[in-house]
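Here's the structure we're looking at; comments come further down.
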There are 2 protein chains.
Amino acid sequence: MELITVFKALSNEIRVNILIWLKEPRLHFPAEELQDYDPKLGVCVSDIKKKAGLSASTTSDYLSLLQKCGLVDATRVGQWTYYKRNEKAMATLNKMIRETF
Amino acid sequence: MELITVFKALSNEIRVNILIWLKEPRLHFPAEELQDYDPKLGVCVSDIKKKAGLSASTTSDYLSLLQKCGLVDATRVGQWTYYKRNEKAMATLNKMIRETF
DNA sequence: TCTGCATTTCGGAAAATACCGATATATTTG
DNA sequence: CAAATATATCGGTATTTTCCGAAATGCAGA
């Protein structure tokens, strides 16, 4: 995991929020508003897009940026892509920060 | 402490290095090369500039950016400005990251 | 196959950041 | 005061990031 790359990903409020939302999807994405949700797979792009108030393209960009630096995992199921936090990576990040600084 | 602001400060390799160097100044700034060093006050701009390989203006910019977000403290003594890590702020940062994510 | 929906990719305009040199300010010293 | 040194500030150019709309891709149902 590249610390600088991760910090770049985290220096945007919406991307940080996405990570917070994905920590407890049921809490941040009320069931009745959820287009699609699978606890195993995560939340789909449209729902994140709606909550973030971004265009589809920006939402997709942000999510793939978070994925590229390992903080979330993506699973494509049919026409949907589900994103969920990579909890192991989040723990590694915390550890790296603690050890580096 | 504004998490996003801190992440922006940390998304530059040289600024991250400065924080690492200032963690153990004696280790990263050999005594014979040190123009000036006071364990209480920290390391002066010229020494950081030399080690970072940056211009004086950029070094000053970077240090004041780190200071603005609270990660280092500056002390002016005569014509020198000494910078040192704010260990309390570093601990707070770790705590915030742990709690937020 | 045609249509529609979810998502990604692409190209670009606007804003932010990186980093410098020139200049200004403060301090020390002769 | 004048010269030298350390640092800060300013202005600008080059690069990166932000965020969008249009177009492309992939999948599902009629």
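First the proteins, then the strands, lettered A, B, ... as listed; each starts at 1.
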Is there a side-chain contact between Leu41(A) and Tyr83(A) in this structure, where contact means two heavy atoms from C-beta onward sitting under 4.5 Å apart? no
For DNA chain D, whose closest nucleotide is more 5', that of Gly78(A) or that of Gln79(B)? Gln79(B)
Rounded to whole angstroms, how far apart are CH2 on Trp80(A) and C1' on dA28(D)? 8 Å
Side-chain contact, heavy-atom cut-off 4.5 Å: Val77(B) with Tyr82(B)? yes
same_hphob_cluster(Met1(A), Leu65(A)) at 4.5 Å side-chain heavy-atom cutoff: no
Can you find a side chain N or O atom of Asn12(B) that sits less than 4.0 Å from OP1 or OP2 on dT17(C)? no
Distance in angstrom units between Lys8(A) NZ and dA16(C) C1', rounded: 13 Å
Taking NZ from Lys49(A) and P from dA6(C), how many angstroms apart are they, rounded to a whole number? 9 Å
Looking only at side-chain atoms of Tyr83(A), point me to the closest of dT8(C), dT7(D), dT27(C). dT8(C)
Using a heavy-atom cut-off of 4.0 Å across all strands, would you classify Thr81(B) as base, sugar-phosphate, or nothing? sugar-phosphate
Close side-chain approach of Val16(B) and Phe101(A), heavy atoms under 4.5 Å: yes
Check: Ser60(A)/Ser57(A) side-chain N/O donor and acceptor closer than 3.5 Å: no
Length of the line joining Lys50(B):NZ and dT7(D):C1', which is rounded to integer Å: 15 Å
Checking Asn12(A), Leu63(A), Leu71(A) against Ile18(A) for side-chain contact (heavy atoms from CB on, under 4.5 Å), the one that qualifies is Leu63(A)
Nucleotide N/O to protein N/O under 3.5 Å, stretch nucleotides 20-22 of chain C:
residue, atom, partner, partner atom, Å
dC20(C), OP2, Ser55(B), N, 3.2
dC20(C), OP2, Ser55(B), OG, 3.1
dC20(C), OP2, Thr58(B), OG1, 2.8
dG21(C), N7, Ser57(B), OG, 3.3
dG21(C), O6, Ser57(B), OG, 2.9

The single option from Leu10(B), Val6(B), Asn86(B), Leu93(B) passing side-chain contact (heavy atoms from CB on, under 4.5 Å) against Cys69(B): Val6(B)
Separation of dT17(D) P from Ile4(A) CD1 (nearest whole Å): 12 Å
Rounding to a whole Å, what distance do you find between Arg76(B):CZ and dT25(C):C1'? 8 Å
Rounded to whole angstrom units, what separation is found between the OH atom of Tyr82(A) and the P atom of dT8(C)? 13 Å
Lys68(A) NZ to dT9(C) C1', straight-line distance once rounded to whole Å: 10 Å
